[in-house]
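Below: the structure, in structure tokens.
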Amino acid sequence: MRVKYFKSAVSKFILLSSIGSAGFYLGRKSVENRELKNIFCDEKINLKSKPGLPVFSTVSAAALIPRNEFSDKPTIVSQESRVSQIMRFGFPSLDNVRSFDDFILSYDKRTRTANWVFEHLTPDHVKHNDDVDRSKCDFKVDESIHPFFRAENSDYKKSGYDRGHLAAAGNHKRHQKHMEQTFYLSNMSPQVGKGFNRDSWNRLERYVRKLTKLYPNVYVCTGPLYLPRKEADGKLYVKYEVIGDKNVAVPTHFFKVVVGESADGKLVMESYVMPNQVISDDTPLDNFKVPPESIERAAGLLFFDKVNRKFLKAINGKNV
DNA sequence: TTTATTGT
């Protein structure tokens, strides 16, 4: 997704980096006005000239083989699979992609948490369902990942961090099995509990669910960020804690990129970055909006690459 | 309403 530069982007960057104790950088140049213009102002960017982009158009979601807990045999997926519905607008990357029944995940063996998760929400997915009970769900090891690289429950124990869902449990209320699959530790990242996971991040997740009241289809990509910050010597470093015997990485931030599709096919995009720290409950979610391109650069991902610009009407509330 | 941990 190539996006135009908006003047408000500068103030949003400043706002974002002012949240919390110290400034984090969504790209080294992003705080410099001149560089920002170079990055975002060129409306004539030739997509084909960008490395990596053409590769994605050749990848078919139908080739993926989803997990099936109840059989050793791989299931061949039809063209109209849930995977291709969820990934309709393209894969952010192709690294270690795993498909679950109602969400897709790319796993990072080095950090022992995901690179990204992708979900497709409809009013049906988020409405209350008496048959689905969150309290019956258990956090469980993802046995499909090599023991060297998978998080254990013991890694989180007494770490001070929550096992925070990336694909939120509340987004998968159609079947008990769907919700249970969100409890694999491959879908967890260490998150500050009170003040973040249980509060402002949860507020963002509920807001995304609420978007299904406005848009019959909502697509959302969520993941961790490890952003550089300036140290005392004036240089930028990426620094993050690791927890447990498996050294599970504690992300500095998390992102969400959301696309809502109206009944007439028109699309709006919103993208957020929140620091993994205590956030005051009265901080408006708008304060966390950042240009999607800045997340792409920081994360090494491309979001909604297959969206036809013709249908994209707004990014972060601004018409495009 | 939805997030969760710790201790019993």
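Numbered from 1 within each chain, the chains take letters A, B, ... in sequence-line order.
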Review point. Which part of the nucleic acid does A/Phe183 contact within heavy-atom distance under 4.0 Å: base, sugar-phosphate only, or nothing?
Key: nothing

Check your understanding: Over how many whole Å does the gap from A/His125 atom NE2 to B/dT2 atom C1' extend?
Key -> 19 Å

Check your understanding: Between A/Phe103 and A/His120, does the ring centre distance come in under 6.0 Å?
Key -> no

Exercise for review: Return yes if some donor-acceptor pair links the side-chain N/O of A/Ser81 with the main-chain N/O of A/Ser84 below 3.5 Å, else return no.
Suggested key: yes

Check your understanding: Do A/Phe304 and A/Phe118 make the cut of ring centroids closer than 6.0 angstrom?
Key -> yes

Check your understanding: To the nearest angstrom, how far is A/Met274 atom CE from B/dT3 atom C1'?
Key -> 13 Å

Exercise for review: Ignoring the backbone of A/Arg206, work out which of B/dT1, B/dT3, B/dT5 is nearest its side chain.
Suggested key: B/dT1

Check your understanding: Hey, any chance A/Tyr240 and A/Phe24 share a hydrophobic cluster, counting ILVMFWY side chains that come within less than 4.5 Å of each other, even indirectly?
Key -> no

Practice item. Specify the separation, in whole Å, of atom NZ of A/Lys213 and atom P of B/dT1. Key: 13 Å

Review point. CZ of A/Phe254 versus P of B/dT3: gap in Å, rounded?
Key: 15 Å

Practice item. Report the distance from atom NZ of A/Lys136 to atom C1' of B/dT2, rounded to the nearest whole Å. Key: 17 Å

Point to revise | Length of the line joining A/His172:NE2 and B/dT3:C1', which is rounded to integer Å | key: 15 Å

Review point. Residues two or more places apart in sequence or in another chain: which of them pass side chain to side chain donor-acceptor pair (under 3.5 Å) with A/His128?
Key: A/Asp130

Practice item. Using modelled atom types only, decide if a donor and an acceptor are shared between the side chain of A/Lys246 and the backbone of A/Arg150 within a distance under 3.5 Å. Key: yes

Review point. Should A/Gln191 and A/Asp162 be marked as a side chain to side chain donor-acceptor pair (under 3.5 Å) after you check the CA-CA gap, both sets of side-chain angles, and the distance that decides it?
Key: CA-CA 5 Å; A/Gln191 291 183 332; A/Asp162 278 8; over 6 Å; no

Check your understanding: Do the two ring centres, one from A/Phe139 and one from A/Tyr184, sit under 6.0 Å apart?
Key -> no

Check your understanding: What does A/His165 touch in the nucleic acid at a heavy-atom separation under 4.0 angstrom: a base, only the sugar-phosphate, or nothing?
Key -> sugar-phosphate

Check your understanding: Hey, can you pull the residues of residues 187-203 of chain A with a non-hydrogen atom under 4.0 angstrom from DNA chain B?
Key -> A/Asn197, A/Arg198, A/Asn202

Practice item. Under 4.0 Å between any heavy atoms, over every strand shown, what does A/Lys210 touch: base, sugar-phosphate, or nothing? Just pick one. Key: nothing

**Study point:** Sorted by number, the residues of residues 153-163 of chain A with heavy-atom contact under 4.0 Å to DNA chain B
**Key:** A/Lys158, A/Asp162, A/Arg163

Exercise for review: Please report, rounded to the nearest Å, how far the P atom of B/dT1 is from the NE2 atom of A/His128.
Suggested key: 8 Å

Point to revise | Steps toward side chain to side chain donor-acceptor pair (under 3.5 Å) verdict (A/Tyr219, A/Arg88) | key: CA-CA 9 Å; A/Tyr219 298 85; A/Arg88 189 175 140 213; 2.7 Å; yes

